[in-house]
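One structure is given below, represented as structure tokens, and several questions about it will come after.
Reckoned from all heavy atoms, side chains included, excluding hydrogens, waters and symmetry mates. Note that this is a predicted model, so its numbers are computed, not measured.
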Number of protein chains: 2
Amino acid sequence: MWQIDQVTLRLFIAVCEEGTIARAAEREFIAPSAVSKRLADLEALVDVALLSRSQRGVRATAAGEALLRHARLIMRGHERMQAELSQYAAGARGTCACWRTYRRWSSFCPRPCPNS
Amino acid sequence: MWQIDQVTLRLFIAVCEEGTIARAAEREFIAPSAVSKRLADLEALVDVALLSRSQRGVRATAAGEALLRHARLIMRGHERMQAELSQYAAGARGTCACWRTYRRWSSFCPRPCPNS
DNA sequence: CGACCTTACGTTCTACGTAAACATA
DNA sequence: TATGTTTACGTAGAACGTAAGGTCG
């Protein structure tokens, strides 16, 4: 891992909300070991402890809570992005006939295209 | 690809800014074919044409410009997140001695830990 | 003992680069 | 012909799951 990806961000949010890696893994349909490894890699990447482990679960450290706030903002940004794009996909905005028919720009697409 | 990752977002921003896939690939140190494939997968995912291709380069469609705006916001969120985390990594905020020394929580860490 | 986290390890699958093909000014 | 995009394909590396190990209440 060379940069924080939003798969890890979503897993981290789930872990903080569920309180244990095991429950977060179940909620996200992934093995607990995979979650554990992603979290360890994340902590190695940012070089800061994000979770305080115990036998009853995990808890975010101060740095972990800071990351949690940013992660939620970023995920909200993703939701907004996908919401707007789905409007285009539905044809409500600016998708021309050639794309709706062929799912790609082709010579059949009249130029100048309304989206270009 | 099952969801938009920020590697693709950064590549998309580069493509829009450079005007051609080739120059964006050079700027991001990746092969043009890899960029092309990521963009095609992205368009298949959102089911909307994002770029208008030609032999002189590419141009964002209306949907592509919408995505570009969101992508820049998200990347800015990432930058802010990493900036705050690097403050913790530098030890300026809330990192206790045990982590700075051993790079992990250990039994040496006094409890209650200031970060827990 | 039960619940949880972690490590080891084999495997699957994603994402890359190379090379070739295609299109247009 | 030069420039740019796309497709085919083989491969390296990332990420997953299973299984085993370890800790603590």
Side-chain angles (χ1 to χ4, degrees), chain A residues 1-12 14-45 49-61 64 102-109 111-113 116, chain B residues 1-12 14-45 49-61 64 102-109 111-113 116:
Chain A
M1 188 185 306
W2 56 289
Q3 218 183 356
I4 307 177
D5 60 311
Q6 83 269 29
V7 174
T8 302
L9 288 184
R10 197 179 56 251
L11 288 178
F12 186 81
V15 166
C16 291
E17 288 177 352
E18 299 292 335
T20 72
I21 292 178
R23 274 205 299 270
E26 189 180 8
R27 159 175 152 183
E28 298 290 334
F29 306 104
I30 191 177
S33 64
V35 178
S36 176
K37 178 145 196 343
R38 279 192 105 103
L39 295 174
D41 290 348
L42 175 61
E43 286 177 314
L45 177 67
L50 300 170
L51 295 171
S52 170
R53 275 88 165 170
S54 78
Q55 284 66 31
R56 306 223 321 266
V58 296
R59 220 182 121 192
T61 64
Y102 301 105
R103 289 292 177 254
R104 62 180 302 150
W105 299 96
S106 69
S107 56
F108 301 122
C109 183
R111 298 165 193 267
C113 182
S116 67
Chain B
M1 188 186 303
W2 56 286
Q3 218 182 354
I4 306 176
D5 61 310
Q6 83 270 30
V7 175
T8 303
L9 288 184
R10 196 181 56 252
L11 288 178
F12 186 81
V15 166
C16 291
E17 288 177 352
E18 298 292 335
T20 72
I21 293 178
R23 273 205 300 269
E26 188 180 8
R27 160 175 152 184
E28 298 290 335
F29 306 102
I30 190 177
S33 64
V35 178
S36 175
K37 179 146 196 341
R38 278 193 105 103
L39 295 175
D41 291 347
L42 175 61
E43 287 176 312
L45 177 66
L50 299 170
L51 295 171
S52 170
R53 276 88 164 169
S54 77
Q55 283 64 32
R56 307 226 318 267
V58 297
R59 225 184 115 192
T61 63
Y102 301 106
R103 290 290 178 254
R104 62 181 305 153
W105 297 98
S106 70
S107 55
F108 301 123
C109 183
R111 297 166 194 270
C113 183
S116 66

With no hydrogens and no angle check, just 3.5 Å: does a side-chain donor-acceptor pair link A:Ser52 and A:Arg59?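 Short answer, no.
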I would like to know whether B:Asp5 and B:Arg10 meet salt bridge (Lys or Arg N to Asp or Glu O under 4.0 Å); could you show each step before the answer? CA-CA 9 Å; B:Asp5 61 310; B:Arg10 196 181 56 252; over 6 Å; no
How far does the helix from C:dC1-D:dG25 to C:dA25-D:dT1 bend, going by the axes of its first and last five pairs, to the nearest 10°?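 For the helix from C:dC1-D:dG25 to C:dA25-D:dT1, the axes at opposite ends meet at about 30°.
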Report all interatomic pairs (protein N or O, nucleotide N or O of nucleotides 16-19 of chain D) with separations under 3.5 Å.
residue: D:dC16; atom: OP1; partner: A:Arg38; partner atom: NH1; Å: 2.5
residue: D:dC16; atom: OP2; partner: A:Arg38; partner atom: NH1; Å: 3.4
residue: D:dG17; atom: OP2; partner: A:Ala31; partner atom: N; Å: 2.6
residue: D:dT18; atom: O4; partner: A:Ser33; partner atom: OG; Å: 3.1

In whole angstrom, give the distance that lies between atom CG of A:Leu42 and atom C1' of C:dC5.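 Taking atom C1' of C:dC5 as the reference, CG of A:Leu42 is at 16 Å.
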Just how far is it from atom OG of B:Ser36 to atom CZ of B:Arg53, taken to the nearest 0.5 Å?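 These two atoms lie 6.5 Å from each other.
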Taking atom P of D:dA15 as reference, at what distance in whole Å does atom CG of B:Asp5 sit?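 One finds 11 Å between P of D:dA15 and CG of B:Asp5, rounded.
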Within a 6.0 Å radius of atom CD on B:Glu26, are there more than 12 heavy atoms belonging to other residues, nucleotides or ligands?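 Not more than 12 within 6.0 Å, no.
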Round to a whole Å and report the spacing from CD of A:Glu43 to P of C:dT7.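 These atoms are roughly 11 Å apart.
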Among D:dT6, D:dC24, D:dG4, which nucleotide sits nearest the side chain of B:Ile21?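 Between D:dT6, D:dC24, D:dG4, the one nearest the side chain of B:Ile21 would be D:dT6.
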May I ask you to decide if B:Arg23's main-chain N or O and B:Glu18's side chain share a donor-acceptor pair within less than 3.5 Å?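 Here the side-chain-to-backbone pair does not exist.
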Measure from CD on B:Gln55 to C1' on D:dG4 and round the result to the nearest Å.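 One finds 7 Å between C1' of D:dG4 and CD of B:Gln55, rounded.
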Measure the distance from CG on B:Asp41 to C1' on C:dT14 and round it to the nearest whole Å.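 After rounding, the reported distance stands at 10 Å.
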Would you kindly give the CG-to-P distance between A:Leu45 and D:dA14, to the nearest whole Å?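 To the nearest whole Å, that distance equals 13 Å.
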Minimum side-chain heavy-atom gap B:Val7-A:Trp2 below 4.5 Å: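 In contact.
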Which residues pass the salt bridge (Lys or Arg N to Asp or Glu O under 4.0 Å) test with B:Glu17, sequence neighbours left out?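 Result, salt bridge (Lys or Arg N to Asp or Glu O under 4.0 Å) vs B:Glu17: B:Arg27, B:Arg72.
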Just compare C:dT6, D:dC24, D:dG4 and give me whichever is closest to any side-chain atom of A:Arg53.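 Of C:dT6, D:dC24, D:dG4, C:dT6 is nearest to the side chain of A:Arg53.
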So do B:Leu51 and B:Thr61 actually touch side chain to side chain, heavy atoms under 4.5 Å?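 The answer is no; the side chains never approach within 4.5 Å.
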Measure the distance from CZ on A:Arg23 to P on C:dC4 and round it to the nearest whole Å.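 So the two atoms are 7 Å apart, to the nearest Å.
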Gap between atoms CD and P, on A:Glu26 and C:dC5 respectively (whole Å):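 Spelled out: CD on A:Glu26 to P on C:dC5 is 12 Å.
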Using side chain to side chain contact (heavy atoms under 4.5 Å, CB included) as the criterion, point out the one residue from B:Leu11, B:Thr20, B:Thr8 that pairs with B:Val35.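 Answer to the side chain to side chain contact (heavy atoms under 4.5 Å, CB included) test with B:Val35 among B:Leu11, B:Thr20, B:Thr8: B:Leu11.
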In terms of the nearest nucleotide of DNA chain D, which residue is placed more toward the 5' end: A:Arg56 or B:Val58?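 Between the two, 5'-proximity favours B:Val58.
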